[in-house]
Amino acid sequence: MKTVIVVHGGAWAIPDMLAKASVAGVKNAAWAGDAVLKNGGSAIDAVEKAVRSLEDDPTFDAGHGAVLNINGEVELDSIIMDGETLATGAVASVRNIANPVSLARAVMEKTDHVMLTDRGASMFAERIGIPVADDLVTELERKDWEQSSSYPVGVEKFFNAQWGHDTVGAVALDSLGNVACATSTGGIRNKMVGRVGDSPIIGSGGYADNRSGAVSCTGHGESILKVTLARLILFQMEQGKSATAAAEASLQYMGERVKGCGGAIVVSSTGDWAASFTTPRMAWASIKEDVLHYGLNPKEDITERLK
């Protein structure tokens with residue numbers, strides 16, 4: 001099976017000052033995930049590696065660089081899912097974890113549960129030796145948070161506003177034909193304490209099933225939750241739509257039904273892939289058969305052949 005990795009750095013009105021760093025970040029994450037797949041690694045290893053790369057990059061709202069809630073605190077959410085077995089792990093409202101995607105994977109592999117939250121997730125992290133990180137807030141985020149001291153009014157205003165921020169994610173298909181997804185986020189700036197969006201919720205922020213494919217979503221979390229966007233896209237694919245047609249139809253439905261904007265990356269179990277969005281911009285990249293595709297603006301698809 002030809003391997004595929006697709007990553008995104010969030011669908012929102014990415015300002016020009018972050019455009020270059022956003023594209024560089026998703027390309028680096030795609031290379032990281034592709035290296036795992038080229039060495040015979042699993043789809044689950046590849047998506048974890050790619051998302052860790054994005055969490056470690058302060059350009060993105062996940063891990064280092066996460067946005068702050070109404071009290072000026074970081075609260076992080078993540079999910080990871082294995083399409084071969086439907087094994088899933090997720091964490092929500094965790095505070096001092098640099099790589100929530102790896103904690104989510106530990107929930108999947110080392111507990112009988114699917115999701116742990118807040119204090120329980122922190123206790124579990126401490127028990128398995130995941131270090132506490134006290135350096136997740138960037139100076140830029142602290143300054144932006146101080147300037148925007150109220151939760152934005154309305155979905156459209158938020159995702160068209162240049163001080164929006166969003167999620168990161170990855171989907172992969174490995175050489176054995178298994179798919180996986182991972183999604184990680186710091187959520188929405190000035191969210192209520194304890195607010196959880198779509199990212200860690202199975203079927204909304206992500207879903208993976210070898211029988212159809214894998215999806216990672218991004219955008220307005222409450223809207224994505226209402227339409228269970230990840231599962232909706234895979235349902236469309238099960239009805240015979242291509243990855244692109246399924247993503248576009250589902251995003252259009254979300255816009256019409258709940259007035260929500262967002263984006264998604266998709267890979268099918270046969271290697272068909274897509275990166276679609278209805279926000280002003282979304283940084284994304286993919287690698288398949290030594291060809292790197294990436295983009296930021298609508299309809300943009302730049303290709304580079306890897307050496």
Side-chain angles (χ1 to χ4, degrees), residues 8-14 18 22 51 54-80 90-101 103-104 115-119 121-122 133 136-138 140-169 182-206 216-226 229-230 254 258 260-264 279 282-283:
H8 72 76
W12 58 293
I14 299 165
L18 289 179
S22 297
V51 168
L54 294 163
E55 288 173 338
D56 291 342
D57 187 332
T59 306
F60 302 104
D61 174 22
H64 293 273
V67 297
L68 302 176
N69 67 16
I70 194 77
N71 284 359
E73 304 160 333
V74 167
E75 289 184 299
L76 306 169
D77 309 322
S78 185
I79 192 170
I80 193 165
V91 293
S93 299
V94 297
R95 292 166 190 269
N96 296 313
I97 304 294
N99 296 110
V101 70
L103 183 57
M115 179 184 282
L116 293 177
T117 69
D118 199 357
R119 190 171 65 94
S122 297
L136 301 182
V137 183
T138 62
L140 177 63
E141 172 54 27
R142 179 66 67 185
K143 190 179 80 179
D144 286 351
W145 177 79
E146 287 167 354
Q147 288 175 353
S148 60
S149 58
S150 65
Y151 187 84
V153 179
V155 174
E156 188 178 346
K157 180 182 173 185
F158 177 76
F159 282 95
N160 289 333
Q162 291 205 342
W163 49 270
H165 234 15
D166 202 39
T167 304
V168 303
T183 306
S184 185
T185 191
I188 300 178
R189 186 177 296 132
N190 284 311
K191 63 189 178 181
M192 288 176 67
V193 175
R195 177 264 187 189
V196 177
D198 68 289
S199 297
I201 306 300
I202 188 171
S204 291
S216 172
C217 296
T218 166
H220 183 250
E222 282 72 13
S223 297
I224 292 169
L225 282 163
K226 289 171 186 174
L229 184 60
M254 184 171 79
V258 294
C261 294
T279 51
M282 180 177 84

Between [atom1] of [X] and [atom2] of [Y], what distance do you get to the nearest 0.5 Å?
X      : Y      : atom1 : atom2 : answer
His220 : Met254 : NE2   : CE    : 9.0 Å
Glu146 : Glu141 : CD    : CD    : 10.0 Å
Thr218 : Met282 : OG1   : CE    : 7.0 Å
Ser122 : Asn96  : OG    : CG    : 7.0 Å
Ile224 : Ser204 : CD1   : OG    : 8.0 Å

Pairwise side-chain contact, [X] with [Y], heavy-atom cut-off 4.5 Å (strictly under):
X      : Y      : answer
His64  : Thr138 : no
Leu76  : Val91  : no
Thr167 : Asp61  : no
Leu229 : Asp198 : no

Give a yes or no on whether the backbone of [Y] and the side-chain of [X] come within a donor-acceptor separation of less than 3.5 Å.
X      : Y      : answer
Asp77  : Val196 : no
Thr183 : Gly205 : yes
Glu73  : Arg95  : no
Glu75  : Asn69  : no

Consider only side-chain N and O atoms of Ser22 and Thr59, and report whether a donor and an acceptor are under 3.5 Å apart. no
